Amino acid sequence: MTRYYVTFLLGGLLGQVMTTQAQQTFTPYEQQLPGTTVSFKMVPIKGGTFTLGSPDNEKGRNKDEGPAKKVTVGDFWMGATEVTFDEYDVYADAEKDKTPTPDGMTRPSPPYIDLTLGMGKGGGYPANSMSQYGALMYCKWLYAKTGVFYRLPTAAEWEYACRAGSSTPYPYGADESQLKKYAWYQANSEDKYHKVGQLQPNAWGLYDMLGNVAEWTLDQYDENGVAAVAATDPWTAPTSKMPRVIKGGNYKDAAPALRSAARLKSDPIWNRRDPQIPKSSWWNADAPFIGFRIVRPAKQPTPEEAQKFFEEVVDKYKGAR
Amino acid sequence: MESEQQKFHDKGRRDFVKQTSMLAGGLLAMPILSKANYFSGSSDVIKVALIGCGGRGTGAATQALSTKENVQLVAMADAFPDRLKESYDNIKEALGDKASRVNVPEKNKFTGFDAYKQAIALADVVILTTPPGFRPIHFEEAIRQNKHVFMEKPVATDPAGIKRVLDAAALAKSKKLNVVVGLQRRYQNSYRELYKRAQDGMIGDILSMQVWWNQGALWVKPRKPEYTEMEYQMRNWYYFNWLCGDHIVEQHIHNIDVGNWFKNATPVTAGGMGGRAVRTGKEFGEIFDHHFVEYRYADGIVMNSQCRHWKDAPSKVDEEIVGTKGRIYCDKAQIVDHKGKVLYQFDKTKENNPYQTEHDELFAAIAKGQYKFADAQRGAEATLSAIIGRLATYSGQIINWDTALNSGLNLQPQRYAFDAPPPIVPDASGNYAYAKPGTTKYFS
């Protein structure tokens, strides 16, 4: 993909301007999965300008969080919680999907072992262990099912929504001891993820942004950090199947990994125990700590733009993890 | 056995020293010659044949070719040409810059039920990864042809197969052929460390063991009109006992083997219950979706074993060994005393990839001309442990180890061919008969 084309895609998919044509009013809403009783909540996130990354003196900071940079992101809705297995399984489990699969859509192959590892599945637990490809394919399926374009957040959108106006290490401030109110992590998780939405949300009504399962973003990981990103709607588009950027920390992590600016890079070791070749494109056999949440850009792409996105960003990198 | 191996090592070293000094007298020593005759080639290339080209076989071949030794894949065999081709392409892709190690000309790709014989003939080491029902005949043939073996678990699906593997295992030992069985927990750092500490007495004497393989659903391949019944079953081998042995044998064997390992024994009886609670469709053949087995060892110690394929119930794959002084949580890689105080915690950053380690250690031994691995007997014992569990849950009876082993029970078809009838066939509506505890009989 050329630079030019990436820019073109960005223009279409990460748009800042609300259009009026058949768009939903920019308010919270609940999306039903057709043919089921399952639904999920979307929260409007008004775009704006913020400082991406962390200052040099932030405690626990890694080099790839800087140099911090002022960037602007457009309006989008974001899932109030991480995607749950109740939702994901309507895609992954044919028996739970009462409406036909859209043309040409494949469902995830069953994982080598049940990757919830006894931590819980139905009833509000976060979907976990999927590859980034598995997360994006869910978005593609969701688009085909609902007609609404959903995708993973860019790392910048994710961080903007997480910070909810803050510039402190955590959305509520700097005090690590307060983290237990907002996040499942090493200190309170008992080494497992928990049902979504049980702790306090951030100032913009988003639950479990920190801790619980870490969340896939749409970005290729760049070890030079955030220095090279664009000032408007920054996105490091994919150039290879890995590594990709994960945000938010997880239930096994200590506090510093949960900071808003912290970035994690995906690692092949997360699928080491898959003993088959080809390795599953859909699952990471050793990463029960990864999940995702989705966004809906306020300016929806045209069907052609959406199709290009799925071809160039998803299908081209089948098995991205 | 320890001392026998030691003698062999000493002999190996003596030969090495003798040969090297002999060579040094003439040319500069070429260390590769020290292992001449241990594998067939005149160079240092170790030739591998893959028998069974599914996902796991492809993985195992890739691991064999990823070792430090000069390993080449020279032959492949599978019942199905499409599986073989996919596997060949996937191995090359997975190997990346080592793809030149795949050296399988078209004439060395063999398909059909008898393909294994020709492929085995071309290799020094054979990888046996077909559905387990074929393992006994393949293992027998590999040992008959003097080959080292990596074979996946389980090693059979019925007691008659176990007998054949045990006989071939004894022959392998007498021929000093290395055999590794893919019970990979035996090659995993955390388990090895836990076992060492259990042997050193950290948990005292074992009082009981609990082992689990509880997970969700597996794959099913849809029936196609052109399939014979034999082809359908071969492609859906997981759901037919002559091929798979049921999931207690095919998967749960790992955890049962850990119990046997830590106990340094095999069970004498099995009793239990099981059935088809949720997975009842005809596409699931004849196997159960859950088993709960009470294994009893000679000293009365019990191992409780549970396994299930229940889609939306919580999963658990683990082992817990309870002793007089403490207990081991295998998955956590932790030993605690009875008050919960942690006595030992394995540092999980030191964990290895045991699937790779199996091959690293096997090929290192072969390259050095060492005889180090004789896993076949314990592989057979672990498999039989799982089989008596299945016989117990199917029949509802207490199954005795010796009775089962000597029963001659044989699930295999009369003839292996795509037009041959498999040992179980569906009724008019496509359903397969399955065991009814209390009614199903195994031994008269």
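Computed from a predicted structure; not experimentally measured. Labels below follow one simple rule: chain letters A, B, ... track the order of the sequence lines, proteins then strands, and each chain is numbered from 1.
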Visitor: For Trp213(B), is it the side chain, the backbone, both or neither that has a heavy atom under 4.5 Å from a heavy atom of chain A?
Guide: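 Contact with chain A involves the side chain of Trp213(B) alone.
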
Visitor: Which one wins on heavy-atom pair count under 4.5 Å against chain A: Gly57(B), Gly59(B), Ala60(B), Gly216(B)?
Guide: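 With the most close heavy-atom pairs to chain A, the winner is Gly59(B).
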
Visitor: Hey, which of Pro354(B), Ser315(B), Pro314(B), Ala217(B) has the most heavy atom pairs under 4.5 Å with chain A?
Guide: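 That would be Ser315(B).
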
Visitor: Give the ring-plane orientation class for Tyr91(A) versus Tyr138(A), where under 30° counts as parallel, over 60° as perpendicular and anything between as tilted.
Guide: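 Because their plane-to-plane angle lies in the 30° to 60° range, the rings of Tyr91(A) and Tyr138(A) count as tilted.
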
Visitor: For the residue pair His309(B) and Tyr238(B), categorise the inter-ring angle as parallel (less than 30°), tilted (30 to 60°) or perpendicular (more than 60°).
Guide: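 Judged by the thresholds at 30° and 60°, the geometry between His309(B) and Tyr238(B) is tilted.
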
Visitor: At a 4.5 Å cut-off on heavy atoms, which part of Lys311(B) comes close to chain A: side chain, backbone, both, or neither?
Guide: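 When you check distances to chain A, atoms from both the backbone and side chain of Lys311(B) fall under 4.5 Å.
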
Visitor: Looking at Thr62(B), Val317(B), Asp331(B), which has the largest count of heavy-atom pairs under 4.5 Å with chain A?
Guide: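 The candidate making the most pairs under 4.5 Å is Thr62(B).
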
Visitor: Which bit of Asp191(A) is near chain B, if near means a heavy-atom gap under 4.5 Å: side chain, backbone, both or neither?
Guide: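 For Asp191(A), no heavy atom lies under 4.5 Å from chain B.
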
Visitor: Using a heavy-atom cutoff of under 4.5 Å, enumerate the residues of residues 79-89 of chain A that contact chain B, numbered in order, or state 'none'.
Guide: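 Answer by number: Asp89(A).
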
Visitor: Is it the case that the side chains of His247(B) and Gln215(B) hold a donor-acceptor pair, with the cut-off being a distance below 3.5 Å and no angle test?
Guide: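 Looking only at side-chain atoms, His247(B) and Gln215(B) do not form any donor-acceptor pair under 3.5 Å.
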
Visitor: Measure Ala313(B) against the heavy atoms of chain A and call it side chain, backbone, both or neither at under 4.5 Å.
Guide: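 Ala313(B) touches chain A through backbone heavy atoms alone.
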
Visitor: Looking at Tyr239(B), I'd like to know if the NZ or CZ of Arg279(B) sits under 6.0 Å from its six-membered ring centre while staying within 45 degrees of the ring's axis.
Guide: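 Negative - Arg279(B) is either too far from the ring of Tyr239(B) or too far off its axis.
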
Visitor: Show, in sequence, the C-alpha distance, side-chain angles and deciding distance for Glu152(B) and Thr129(B), and conclude whether the side chain to side chain donor-acceptor pair (under 3.5 Å) test is met.
Guide: CA-CA 6 Å; Glu152(B) 263 305 345; Thr129(B) 45; over 6 Å; no

Visitor: Checking side chain to side chain contact (heavy atoms under 4.5 Å, CB included) for the pair Lys153(B)/Asp257(B): CA distance, chi angles, key distance, verdict?
Guide: CA-CA 10 Å; Lys153(B) 39 45 66 177; Asp257(B) 179 57; over 6 Å; no

Visitor: Find the distance between CG (Asn189(B)) and CD (Glu193(B)) and round it off to the nearest 0.5 Å.
Guide: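 Answer rounded to 0.5 Å: 7.0 Å.
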
Visitor: Taking side chain as everything from C-beta outward and backbone as N, CA, C, O, which of these in Gln63(B) sits under 4.5 Å from a heavy atom of chain A? Side chain, backbone, both or neither.
Guide: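 Side chain only.
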
Visitor: Does any backbone or side-chain atom of Glu351(B) lie under 4.5 Å from a heavy atom of chain A? Answer side chain, backbone, both or neither.
Guide: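 Both parts, backbone and side chain.
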
Visitor: Tyr133(A) and ring pair (Phe, Tyr, Trp, His ring centres under 6.0 Å): which partner among Trp282(A), Tyr317(A), Trp283(A)?
Guide: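 Of Trp282(A), Tyr317(A), Trp283(A), ring pair (Phe, Tyr, Trp, His ring centres under 6.0 Å) with Tyr133(A) is met by Trp282(A) alone.
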
Visitor: Parallel, tilted or perpendicular, judged at 30° and 60°: which one describes the rings of Trp219(B) and Trp237(B)?
Guide: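 Taking Trp237(B) first and then Trp219(B), their aromatic rings sit tilted (interplane angle of 30° to 60°).
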
Visitor: To the closest 0.5 Å, what do you measure between NE2 (His291(B)) and OG (Ser305(B))?
Guide: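 His291(B) atom NE2 to Ser305(B) atom OG measures 9.0 Å (nearest 0.5 Å).
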
Visitor: Could you tell me the separation between the OG atom of Ser189(A) and the NE2 atom of His194(A), rounded to the nearest 0.5 Å?
Guide: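 Here the rounded value is 5.5 Å.
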
Visitor: Can you tell which part of Ala94(B) gets under 4.5 Å to a heavy atom of chain A, answering side chain, backbone, both or neither?
Guide: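 For Ala94(B), side-chain heavy atoms alone lie under 4.5 Å from chain A.
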
